[in-house]
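Some notes on the structure that comes next.
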Amino acid sequence: MTADELFEKLGAIKIGGSTCLFTREKCEALVPQINEINRLKKEKNAIILAHSYVSPEILYGVADFVGDSFELSKKAVETNADVIVFAAVKFMADTAKLLNPTKEVLVPSKNNGCSLADSITGADVRRLRTEFPDYTFVCYINTTAEVKAECDVCVTSSNVYDILERIPNNKIYFLPDKLMAKNAIVELKKRGAHKTIKYWEGTCYVHEDYDADMIKYLRLSYPDLDVVSHPECNEEVLAESDYVGSTSQIINHVKDSKKDTFFILTECGLTNRLKAEIPGKTFVGSCTMCRYMKSNSLADIKRVLTTPDVEDRVDISEETREKALTCLREMFRYVG
Ligand code: 13P
Ligand code: SF4
């Protein structure tokens, strides 16, 4: 890849301060590392899977596939690579390992948590199950393998409402995202599905900060604004939104929308992708970054491809893997 080719992809990105501002000179400085990583990928038969929130130089320089949690988990099943480098957060890499026990799965970031996944442990779920024995336990994919191992069905932001609606049991314990649970209660009521939903008190620290007043304020200046939000936001935000979806569903919505100006209420890596991939549209609002996703770097990707240490390798015990896999497979059984 040349600096001109990289600049052509990244030049349109201009939000989030200096992190996401790409000059021709910056691209020139990034290209040697990008080319070295791409060479290492071939040498090791490695694939790089990246979430849309990670930095643009990873998405457009070295990633083989970029997507939302559901698409990334499907891609992890399909790959023939020997090594999967997961440029995202740990729970996503865990999912890849659950589906590919014989492959090496590497996590480049050293700060690879997630405020949702870190809010609950396997022991918490075991305790809840004794308290609510007749409930079906549904976990958001933003959970560790240990937590999935204690649950019945996994969901992602792209299929949460459909799966909850189809679960035969009317008593559901949803974890760990309380805002997504409250949104599900509203949506299932609209669909006429009668469910009792209890939930854990976790939140995404990025999405919980958005509020409906921001939307009302921007609508004053942009009356024809298309407001698009992620289901990790609160219910007032969703009520003011024109569209709600997973990160990839949001991209498809913006591509298809007849409107020109958008307010995207999710981590600003997604707005960067939209700017890079859909020219001619205007994006308003502020930038909020996920500190975990943004801690992935080209330097760390190169490091795990050359000298991975034990902490970079995803390792899940066979007992946990088997139980967590049953929970994940239930998701695929519901939505294919
Ligand atoms: P998506 O599955 O919609 O990409 O969401 C993942 C996530 O962590 C959102 O904060
Ligand atoms: Fe977790 Fe929120 Fe970051 Fe997504 S944006 S990885 S939910 S902390």
Side-chain angles (χ1 to χ4, degrees), residues 51 69-70 73 86 88-99 105 107 109-157 159-161 163-164 167-186 188 195-209 230-235 290-293 311 314-332 334:
H51 189 269
S69 316
F70 185 66
S73 61
F86 227 108
V89 286
K90 174 75 167 30
F91 76 79
M92 293 189 183
D94 274 2
T95 305
K97 187 69 180 176
L98 293 176
L99 297 162
V105 179
V107 186
S109 162
K110 292 285 186 200
N111 186 20
N112 52 41
C114 160
S115 65
L116 281 171
D118 298 341
S119 72
I120 187 163
T121 65
D124 290 326
V125 187
R126 283 193 292 279
R127 185 177 45 75
L128 287 165
R129 291 204 81 131
T130 60
E131 226 176 293
F132 305 106
D134 51 347
Y135 277 64
T136 296
F137 275 67
V138 180
C139 59
Y140 188 28
I141 198 161
N142 295 37
T143 42
T144 62
E146 286 70 28
V147 166
K148 288 188 181 76
E150 304 298 335
C151 293
D152 301 304
V153 192
C154 178
V155 298
T156 75
S157 56
N159 55 37
V160 50
Y161 303 143
I163 293 182
L164 288 176
I167 288 173
N169 189 356
N170 285 339
K171 291 180 180 171
I172 290 169
Y173 195 102
F174 186 85
L175 59 93
D177 190 342
K178 78 164 173 198
L179 299 181
M180 189 176 278
K182 287 183 181 181
N183 293 330
I185 291 168
V186 173
L188 293 187
K195 306 273 179 190
T196 303
I197 300 184
K198 292 190 184 295
Y199 49 84
W200 188 250
E201 290 285 323
T203 53
C204 163
Y205 88 101
V206 174
H207 291 85
E208 74 176 341
D209 264 4
H230 192 276
E232 288 172 18
C233 298
N234 68 42
E235 57 188 291
C290 169
R291 69 172 88 97
Y292 307 108
M293 288 285 190
E311 286 162 17
V314 179
D315 187 24
I316 299 169
S317 77
E318 198 43 35
E319 193 194 342
T320 302
R321 194 186 79 82
E322 269 176 30
K323 285 165 72 188
L325 198 55
T326 308
C327 173
L328 258 184
R329 285 203 176 124
E330 272 299 278
M331 170 173 79
F332 292 120
Y334 274 107

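Positions are given from 1, in the same order as the sequence printed here. Because only heavy atoms are used, hydrogens play no part in the values below, and waters and symmetry mates are left out as well, while side chains stay in.
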(request) Could you tell me whether the side chain of Tyr140 reaches within less than 4.5 Å of the side chain of Ser157, counting heavy atoms only? (result) yes
(request) Could you tell me whether the side chain of Glu208 reaches within less than 4.5 Å of the side chain of Lys178, counting heavy atoms only? (result) no
(request) Classify the angle between the aromatic ring planes of Tyr292 and Tyr205 as parallel (below 30°), tilted (30 to 60°) or perpendicular (above 60°). (result) perpendicular
(message) Quick one, Trp200 and Val125 - any side-chain contact, counting heavy atoms below 4.5 Å?
(response) no
(message) If you compare all heavy atoms of Thr95 against all heavy atoms of Ser73, which two are closest, and at what distance to 0.1 Å?
(response) CG2-CB, 3.8 Å
(message) Using only atom types and a distance under 3.5 Å, with no angle test, would you say the side chain of Asn169 pairs donor to acceptor with the backbone of Asp134?
(response) yes
(message) Salt bridge or not between Arg129 and Asp152? Use side-chain N to carboxylate O under 4.0 Å.
(response) yes
(message) Under a 3.5 Å distance rule, please check whether Asn159 uses its side chain to pair with a backbone N or O of Thr156 as donor and acceptor.
(response) yes
(message) Given 3.5 Å as the limit, does a donor-acceptor pair link the side chain of Asn142 with the main chain of Leu116, or not?
(response) no
(request) Could you check Thr143, Asp94, Thr320 and say which one makes a side chain to side chain donor-acceptor pair (under 3.5 Å) with Lys148? (result) Thr143
(message) Would you compute the distance between atom CG of Leu188 and atom CD1 of Ile172 and round it to the nearest 0.5 angstrom?
(response) 7.0 Å
(request) Look at atom CZ of Arg127 and say whether more than 12 heavy atoms of other residues, nucleotides or ligands are closer to it than 6.0 Å. (result) yes
(message) Main chain of Leu179, side chain of Asn183: is a donor-acceptor contact present, judged purely on distance under 3.5 Å?
(response) yes
(request) Would you name the heavy atoms of Pro176 and Ile120 that are closest together and state the gap between them? (result) CB-CG2, 3.8 Å
(request) Give the minimum heavy-atom separation between Lys195 and Leu164, together with the two atoms involved. (result) CE-O, 3.3 Å
(message) Testing the basics here: between His51 and Ala88, what is the closest heavy-atom pair and its distance to 0.1 Å?
(response) CB-CB, 3.9 Å
